[in-house]
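Report on one structure; see the data block that follows.
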Amino acid sequence: MHGRPRKALKPEEEAALTEKAKQLLVLQSQVLSNHQLKNYTKEAVDLSAKLLGINPESYTAWNYRKLAVQHNLNQIESDPDSIKKIWDEELRVVESALRQNFKSYGAWHHRKWVLSMGNSSLDNELHLLNKLHKLDSRNFHAWNYRRFVTASMNRSDLDELKYTEDMVTDFSNYSAWHNRSVLLSNLLEKKVEGFLSKEQVLPNEYELIHQAIFTDQDDQSGYIYHLWLLDQTVRDTSPLLVSSWPPHGSLVFPFGDQSLKSSVASPLTSIHHDLSALPVILCFNQAVKGVNSNTVVVKSTLCTNEDLIWKPLVANSSRTGKVWFTHLKFPDLRRQSVEKCLVEVHIGENEGIISSSGICCASSQFTFRVAVQPVEVEETDRQCGEIISWNDEHFDMDEANLDNLNFGFDQLSIENDSELNSCTWQAVAVAGEIECFRELLAVIDCKYAKLTLARLLKAHDRLIFPSGNKASHSDEILDLYRELMKLDPSHSQLYKDEHSLVFLQKMITNRESFRRCCFQYKGLNSSIEGFPTCVRFNNLSLSRIGSFEKLLWVQMLDLSHNELRSIEGLEALQLLCCLNLSYNKIRSLTALEPLRQLKSLKVLDISNNEIGSHPIDTTRHLCSSPLSHSVGTEWKSDGNVDISNFWESYFIFKGMNLIQLDVSGNAIAYENFKLFLIKVMPELKLLDGEKLH
Amino acid sequence: MGELVAEKHAAYIINVEKKKDSIESVLMEHLRINGAYWGLTTLDILGKLKAVDQETIISWVMSCQHESGGFGGNMGHDPHLLYTLSAIQILALFGKIETLDSDKVSNYIASLQQEDGSFSGDIWGEIDTRFSYVAISSLALLQRLDKINIEKAVKYIVSCKNLDGGFGCTPGAESHAGQIFCCVAALAITGSLHYVDKDLLGWWLCERQVKSGGLNGRPEKLPDVCYSWWVLSSLIMIDRVHWIDKEKLVKFILDCQDKENGGISDRPDDAVDVFHTYFGVAGLSLLEYPGLKAIDPAYALPVDVVNGIFLR
């Protein structure tokens, strides 16, 4: 089916093929018939050998042969010579089939079957494999079979490692690099002599890669292996808590009522909508599991630690995540006077929080206070009736809050020791690679080298500043991605996504530039009572967003006029109540999946996107729905709602608590769709600017 | 650049079905049921499924079923998971899954799950993540996923994840686009895509696009239209398809057409076959080429067929 030229056949060729087809058809029928009749005579079995030599893909013939072998072994005496003859014939048939097509699954499996009955030798098999690999070193069937043989015959991993090293002298051999990575992982895990630590092993691998890359700069195999080496170098760093909400040392005003506010109130911790419980959010620098009331202990008069349930902010059942949260309920917060209750959160109080590499989380703690309000004060419900508008005139630079914002930013991240970090073997190795690639790029202009350098610089920043407070290489990284967009335009969207992430991170870690994104929202009559600080990242050509650990406190976010197609990760912003995603490139409702976890979200603007314009939905299987078997059967009981036309709207909006929604300017926003939305969200008060009843 | 000669491709498929005696047909008679799935799905994407005789086809498909419940590639051939999936998919296209005794078929499939969660293709024990996909997809379409140990099945697939974020046939096997499709789709169907490092795999996959705009199946190999399905559907399932140049890929697929006789080949100017015709048309559907029905990247069936099964 592959690699045959398209050409019209001459009549003689045509006739020859027809004849061949006829004969093959007869042969196939005979073999199938013998199989049905369980005819295992020598003539019958030889016919199957003939068939498999011509068409090794005719799988039933391999099954037939296995049955024939079993049958004939039962018939003969236990005479080692006759037995060997039978098995040797099977090996011969496989070789002949492989000559016809050395990628035939059926042939390889048959040989495995023979071997599993103990009927060949290691030398024999390696001999065959070495022959085949000389013809095609990328034949993965051969590599897989090699793995099977070496495992069943106890050939050492070290010998196999040497084999891959010999193979990678032909540097353009991805299969060899891949197998090398598998062998090394095994040796490191089993702590074989000479492979006790990565610090010992990885420098040699980096050297091998340098040889490959300096020989042929455009061979991607080496760079992919280099990426794996980099990952192996950095992945065993200990997981850390890098930010939290409430921030350390802060005073939280959890109620919408503003009368309690003093100049001390920080925009990072004054809640402007009503929370039924106080969220406590933990953000780690890598995905961890094992966060529970035993490993994270909360000490406070507001709650009982054992009652707290910690969950990862993920839309799946994996119990692993970078961001974890719980809620402190307010059982009885109305006191006679204003009080500030202390809350201490101890991370890693008992061991148990671990990363995916099995490393334990470093312990740390943070404290904050919660202002509780007196009984008499009434809550104001600002949300009744006032439409949020995202026009510029509603936003003032947050002059009044500048000092509070500064104070707040200091509290956001938990500091780590960067001097110590730069002396670890990992940081030294990465710094060495950075030097190497900078040198290389001084003389050649290679896409893979640039991409590798960008990744190395990012990794170095993360090693030195694990909490993400600083990123000293941002400018160099941004330049590299801009160059890559020009050098490799086919993949420009990838580079753009990476560029957006680094750009946003740079803007957020710089206090000045971040403050310029913070605005005070003004409602009707320019009142600012009851409105939170709004972070505005609009008109920045962002195609992707990140740095959520710095944004845990954000209640109002404007991401309009960008190029966002995805909002992956936004679920971390648990305090979000107003979100503007208008004028972006969101292509389907399923892309809004992260919003389902934002229980405080009340105001959403998704107008002027591309929802409804695309027949292919790229987040169709990333959202929870019956298609991915990730919702229970409860949804079926909602009999009065016919979801067949608008199933995405149903699964996305049903659990949300929106009161204001804008969908205009999307192809999907026609009458029936809007009617469906109103049905699914009975609490909705405003749709596309119109009041609903 | 050209356009899709849809009429010619539909005619090509219908003709190929009739030519049972050509050498190509005879060499592939053991997987005819796969061929039927490729041909019929292509016709449905082109909006031409009504041109075939549904009853004859269904009756032939059922004649490939064994007493074990599994289906063979053609009459007289042994049952195997690969052909069982095609049988179910063909019935799904016609909206006739109820023709099957779903319990019988799903029991056959479930019986092939191994202790470690993997699946063998048939009673002869070949293990491959392709079979994990086939089993999971089949059972999902039959609405009998609960007959297997899903957690173990997922665990086994994840154990086949490699350094580059891709997947191979068995643990330690090299990443290959076909296997990646199978693993990613199986994880998608079981709500387990969080096990995929989307950025890492997305990069490896988008690097399959070569200068001509076509996609290969792994590094340093030639582009081939069938990877327009396996690489593309994987990219779509993890929402990274914008990382390739879609227009260039469309052009590559269109260049692989035989505009005179219909059909699509693996590379421009090679011989056409039903396999590549299906993957070319399915790929174009994923690229939103106008006039084609949308296809679901995980179930490899038209979206309306899939929605009809799961969202009623």
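Here the structure is a predicted model, which is why all the values come from computation and not from measurement.
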**Short side-chain donor-acceptor distance under 3.5 Å, A:Ser588 and A:Glu648** = no
**Request:** List the steps and the verdict of side-chain hydrogen bond (donor to acceptor under 3.5 Å, both in side chains) for A:Glu57 and B:His30.
**Result:** CA-CA 8 Å; A:Glu57 298 305 287; B:His30 62 278; 5.2 Å; no
**Item:** Among A:Leu17, A:Asn63, A:Leu227, residue most engaged with chain B (heavy-atom pairs, under 4.5 Å)
**Value:** A:Asn63
**Request:** Return the option, out of B:Ile150, B:Leu200, B:Asp224, B:Leu287, with the maximum number of heavy-atom pairs under 4.5 Å with chain A.
**Result:** B:Asp224
**Request:** Using non-hydrogen atoms and a 4.5 Å limit, figure out which bit of B:Gln179 sits close to chain A: side chain, backbone, both or neither.
**Result:** side chain
**Asked** Where does B:Tyr83 contact chain A at under 4.5 Å (heavy atoms): side chain, backbone, both or neither?
**Response** side chain
**Fill in**
Okay, A:Ser58 and chain B: the region with an atom under 4.5 Å from a heavy atom over there is both
**Asked** Which region of B:Ile238, side chain (C-beta onward) or backbone (N, CA, C, O), has a non-hydrogen atom less than 4.5 Å from a non-hydrogen atom of chain A, or is it both or neither?
**Response** backbone
**Item:** Proximal component of B:Glu207, with respect to chain A [non-hydrogen, under 4.5 Å]
**Value:** both
**Residues A:Thr618 and B:Asp239: side-chain donor-acceptor under 3.5 angstrom** = yes
**Request:** Flag the one option from B:Pro171, B:Gly72, B:Gly76 with the top tally of heavy-atom pairs under 4.5 Å to chain A.
**Result:** B:Gly76
**Between B:Asn74 and B:His77, a side-chain donor and acceptor under 3.5 Å** = no
**Prompt:** When rounded to the nearest 0.5 angstrom, what distance separates CG in A:Leu622 from CD in A:Glu568?
**Reply:** 7.0 Å
**Complete:** Under 4.5 Å to a heavy atom of chain B? For A:Arg587 that would be side chain
**Complete:** Given B:Asp296, B:Thr190, B:Asp270, B:Leu145, the one with more heavy-atom pairs under 4.5 angstrom with chain A than any other is B:Asp270
**Fill in**
If one checks every heavy atom of A:Phe148 against chain B at 4.5 Å, the contacting part turns out to be neither
**Request:** Ignoring hydrogens and angles, state whether a donor on the side chain of A:Asn179 or A:Arg147 is under 3.5 Å from an acceptor on the partner side chain.
**Result:** yes
**Prompt:** So what's closer than 4.5 Å to chain A heavy atoms on B:Asp258: side chain, backbone, both or neither?
**Reply:** both
**Prompt:** Top residue by heavy-atom pair count (under 4.5 Å) with chain A, among B:Thr170, B:Asp21, B:Leu27?
**Reply:** B:Leu27
**Fill in**
Max heavy-atom pairs within cutoff under 4.5 Å with chain B, candidates A:Ser185, A:Ser181, A:Ser492, goes to A:Ser181
**Parallel, tilted or perpendicular: ring planes of A:Trp228 versus A:Tyr225, cut at 30 and 60 degrees** = tilted
**Asked** Would you say the side chains of B:Asp78 and A:Thr60 form a donor-acceptor pair under 3.5 Å?
**Response** no
**Request:** Sort out for me which of A:Ala21, A:Ala287, A:Ser630 touches chain B most, counting heavy-atom pairs under 4.5 Å.
**Result:** A:Ala21
**Item:** Portion of A:Lys447 that has a non-hydrogen atom of chain B nearer than 4.5 angstrom
**Value:** side chain
**Message:** Distance alone, cut at 3.5 Å: any donor-acceptor contact between the side chains of A:Tyr174 and B:Asp164?
**Reply:** yes
**Item:** Residue part contacting chain B, namely of A:His110, when any heavy atom lies under 4.5 Å
**Value:** neither
**Message:** Applying side-chain hydrogen bond (donor to acceptor under 3.5 Å, both in side chains) to A:Ser566 and A:Arg544, what does each step give before you reach the verdict?
**Reply:** CA-CA 7 Å; A:Ser566 153; A:Arg544 194 167 163 180; 6.0 Å; no
**Prompt:** Do A:Asp488 and A:Tyr495 meet the criterion of a side-chain donor-acceptor pair at a distance under 3.5 Å?
**Reply:** yes
**Request:** Decide, yes or no, whether a salt bridge links A:Lys112 with B:Glu126 under the criterion of side-chain N to carboxylate O below 4.0 Å.
**Result:** no
**Option that, when pairs with chain B are counted at under 4.5 Å, heavy atom only, ranks first among A:Gln36, A:Lys20, A:Glu498, A:His35** = A:His35
**Asked** Which one, A:Gln493, A:Arg565, A:Lys66, A:Lys22, leads in non-hydrogen pairs under 4.5 Å with chain B?
**Response** A:Arg565
**NZ/NE/NH1/NH2 to OD/OE distance under 4.0 Å, A:Glu160 and A:Arg146** = yes
**Asked** Which bit of A:His109 comes within less than 4.5 Å of chain B, counting heavy atoms only: side chain, backbone, both or neither?
**Response** side chain
**Request:** Name the option with the most non-hydrogen atom pairs under 4.5 Å to chain A; the candidates are B:Ala294, B:Cys206, B:Ser265, B:Ser285.
**Result:** B:Cys206
**Request:** Below 4.5 Å from any heavy atom of chain A, which atoms of B:Ile236 appear? Answer side chain, backbone, both or neither.
**Result:** both
**Message:** Given heavy-atom pairs under 4.5 angstrom as the criterion, report whether the side chain, backbone, both or neither of A:Tyr145 touches chain B.
**Reply:** neither
**Prompt:** Under a 4.5 Å heavy-atom cutoff, which of A:Leu183, A:Leu451, A:Ile224, A:Ile616 has the most pairs with chain B?
**Reply:** A:Ile616
**Prompt:** What part of B:Lys293 lies closer than 4.5 angstrom to a heavy atom of chain A: side chain, backbone, both or neither?
**Reply:** neither
**Message:** Less than 4.5 Å to any heavy atom of chain A: does that hold for the side chain of B:Ile295, its backbone, both, or neither?
**Reply:** backbone
**Prompt:** In terms of side-chain heavy atoms, does B:His242 have a donor or acceptor partner in A:Asp497 at a distance below 3.5 Å?
**Reply:** yes
**Prompt:** Does the side chain of A:Ser175 come under 3.5 Å of the side chain of A:Arg138 through a donor N or O and an acceptor N or O?
**Reply:** yes
**Message:** Tell me which of these, B:Gln257, B:Lys246, B:Lys248, B:Lys20, has more heavy-atom pairs under 4.5 Å with chain A than the rest.
**Reply:** B:Gln257
**Request:** Could you tell me whether B:Arg240 and B:Asp199 have a side-chain N and a carboxylate O separated by less than 4.0 Å?
**Result:** yes
